[in-house]
Amino acid sequence: MSPDAPLRPRQYAAAIVALKSKDERRAALAEVPEHLRDLVRKHVENTWNHPQRKD
């Protein structure tokens with residue numbers, strides 16, 4: 001993938017999950033293109049709620 005290619009939904013989600021605060025995550029999700037936002041939100045929720053996730 002070229003460096004200027006748009007991010008994929010899972011890449012957006014990974015970047016959002018890596019953020020420290022809930023406010024930062026909300027702001028980052030708001031920056032996701034609208035046509036991808038619901039899918040990215042679902043990826044973030046699935047990752048956040050996964051049973052193997054360590055706090």
Side-chain angles (χ1 to χ4, degrees):
M1 187 178 329
S2 70
D4 59 342
L7 294 177
R8 294 177 178 227
R10 288 184 191 257
Q11 292 171 311
Y12 280 114
I16 292 169
V17 168
L19 296 172
K20 298 289 182 193
S21 75
K22 193 175 200 178
D23 289 336
E24 288 176 320
R25 292 189 293 273
R26 284 184 178 161
L29 185 60
E31 296 297 318
V32 173
E34 189 174 349
H35 69 283
L36 297 175
R37 200 168 296 145
D38 287 339
L39 180 58
V40 171
R41 176 180 285 119
K42 185 49 100 177
H43 285 320
V44 170
E45 289 172 355
N46 287 344
T47 300
W48 194 261
N49 295 322
H50 194 280
Q52 291 181 344
R53 183 177 177 274
K54 295 182 181 168
D55 291 299

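Throughout, numbering of the chain's residues begins at 1 and tracks the sequence.
Contact of the V32 side chain with the I16 side chain is registered, since non-hydrogen atoms from C-beta on lie closer than 4.5 Å.
With rounding to the nearest 0.5 angstrom, the CZ atom of R10 is 13.0 Å from the CG atom of L36. With rounding to the nearest 0.5 Å, the separation of CZ in R25 from CZ in R41 is 13.5 Å.
Tracing side-chain contacts under 4.5 Å through hydrophobic residues (I, L, V, M, F, W, Y), one never reaches L39 starting from V17; they form parts of separate clusters. Cluster annotation: L19 is not connected to V40 through the hydrophobic network of ILVMFWY side chains, with a link wherever side-chain heavy atoms come within less than 4.5 Å.
A salt bridge between E34 and R37 is absent, with no side-chain N of the basic residue lying under 4.0 Å from a carboxylate O of the acidic one.
Of all heavy-atom pairs between P6 and Q11, the closest is O-OE1, 4.4 Å.
A donor-acceptor contact shorter than 3.5 Å links the side chain of E24 to the backbone of K20.
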